[in-house]
Amino acid sequence: MIRWLHQRLTYANVAATIALVLALGGTSYAAFMLPRDSVGSKQIRTGAVNSRHVSNRSLRIVDFGSKTRRALRGPRGRAGAPAVKFFAVVAAGGDLLRGNATSGEHTVGGSGEYTVGFAESVSSCAYDATLGGVDGAAVAPGRVTVTDVGGRVRVNTYDAAGAPADLPFHLIVAC
């Protein structure tokens, strides 16, 4: 056995074995002897950590620099400018109960057709209406449609069967 070992013992084999022992010993030392959290940002080279090293949703806004945080915010909008510019609460009979509508018309006779106007044309705005009580009372199921009529909003209300019906509604206009 000694003769076999002596024949194969070379400088390269000895150097490789010593290098292996030192490498494993260094890893063991780092794993067991270094204090927890002893490696920080000063010890990590620039570019050494990228997205594959970071778990999803593990970073918080405070983990980013101030320049990055400013870039994430995006441009500022007009402070305090409401998205909904006009609104109206309209009774089944066509009365304007709340909101800033300046005019309201109702085609009488169960037609479910209303036209609501505001201080300026709303043709370039978006509008939405929903059936809704005006005095805390429940409203029967149904549907409502909206359309532009010369800068005012035409609202048509329908009962659950789809027939035109006079029903109270809430209207919002976002410009």
Side-chain angles (χ1 to χ4, degrees), residues 36-175:
R36 182 173 176 81
D37 297 328
S38 64
V39 176
S41 60
K42 290 182 181 180
Q43 289 79 27
I44 297 175
R45 288 179 306 188
T46 301
V49 177
N50 57 39
S51 62
R52 73 172 184 255
H53 298 107
V54 179
S55 298
N56 288 339
R57 292 179 282 286
S58 65
L59 296 177
R60 297 169 296 164
I61 194 72
V62 297
D63 296 325
F64 297 98
S66 60
K67 186 175 179 180
T68 303
R69 286 195 301 263
R70 280 192 302 275
L72 289 174
R73 282 192 197 113
R76 289 188 179 261
R78 294 184 308 175
V84 174
K85 190 170 185 178
F86 303 112
F87 70 101
V89 176
V90 181
D95 296 329
L96 300 173
L97 301 177
R98 293 189 297 275
N100 54 5
T102 56
S103 67
E105 298 172 17
H106 176 269
T107 305
V108 184
S111 67
E113 185 176 296
Y114 306 83
T115 304
V116 181
F118 297 94
E120 59 189 65
S121 173
V122 294
S123 291
S124 63
C125 303
Y127 10 88
D128 189 33
T130 185
L131 297 178
V134 296
D135 57 4
V139 176
R143 66 183 181 94
V144 61
T145 62
V146 293
T147 187
D148 176 53
V149 178
R152 300 185 303 162
V153 181
R154 168 79 42 81
V155 178
N156 292 90
T157 57
Y158 304 90
D159 63 16
D166 291 341
L167 298 170
F169 62 91
H170 297 227
L171 172 67
I172 59 171
V173 179
C175 299

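All residue numbers in this chain count up from 1 along the given sequence. Just the heavy atoms: all of them, side chains too, but no hydrogens, waters or symmetry mates, feed the values below.
Scanning both residues, Gly150 and Ser123, for their nearest heavy atoms gives C-OG, 4.3 Å. Contact between Ser111 and Pro164 at its shortest, heavy atoms only, is O-CB, 3.2 Å.
Residue pairs satisfying the salt bridge (charged side-chain N to carboxylate O under 4.0 Å, His left out) criterion with at least one member in residues 115-126, sequence neighbours excluded, are listed as follows: Lys85-Glu120. Here ring-ring contact (aromatic ring centres under 6.0 Å, His included) pairs that include residues 130-158, with residues two or more places apart or in two chains, number zero. Residue pairs meeting the ring-ring contact (aromatic ring centres under 6.0 Å, His included) criterion with at least one member in residues 92-126, sequence neighbours excluded, are Phe86-Phe118, His106-Tyr114, Tyr114-Phe169.
For the side-chain contact (heavy atoms from CB on, under 4.5 Å) test, residues two or more places apart in sequence or in another chain that qualify with Ser55 are Ser58.
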With a cut-off of 3.5 Å and sequence neighbours excluded, list every side-chain donor-acceptor pair involving residues 124-143.
| unit_1 | atom_1 | unit_2 | atom_2 | d |
| --- | --- | --- | --- | --- |
| Asp135 | OD1 | Ala137 | N | 3.1 |

Would you give me the side-chain donor-acceptor pairs under 3.5 Å for residues 88-97, sequence neighbours excluded?
none

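Residue His170 holds its NE2 atom at 11.0 Å from CD1 of Ile172, rounded to the nearest 0.5 Å.
A donor-acceptor pair under 3.5 Å is absent between the side-chain atoms of Thr115 and the main chain of Arg154, judged by distance alone.
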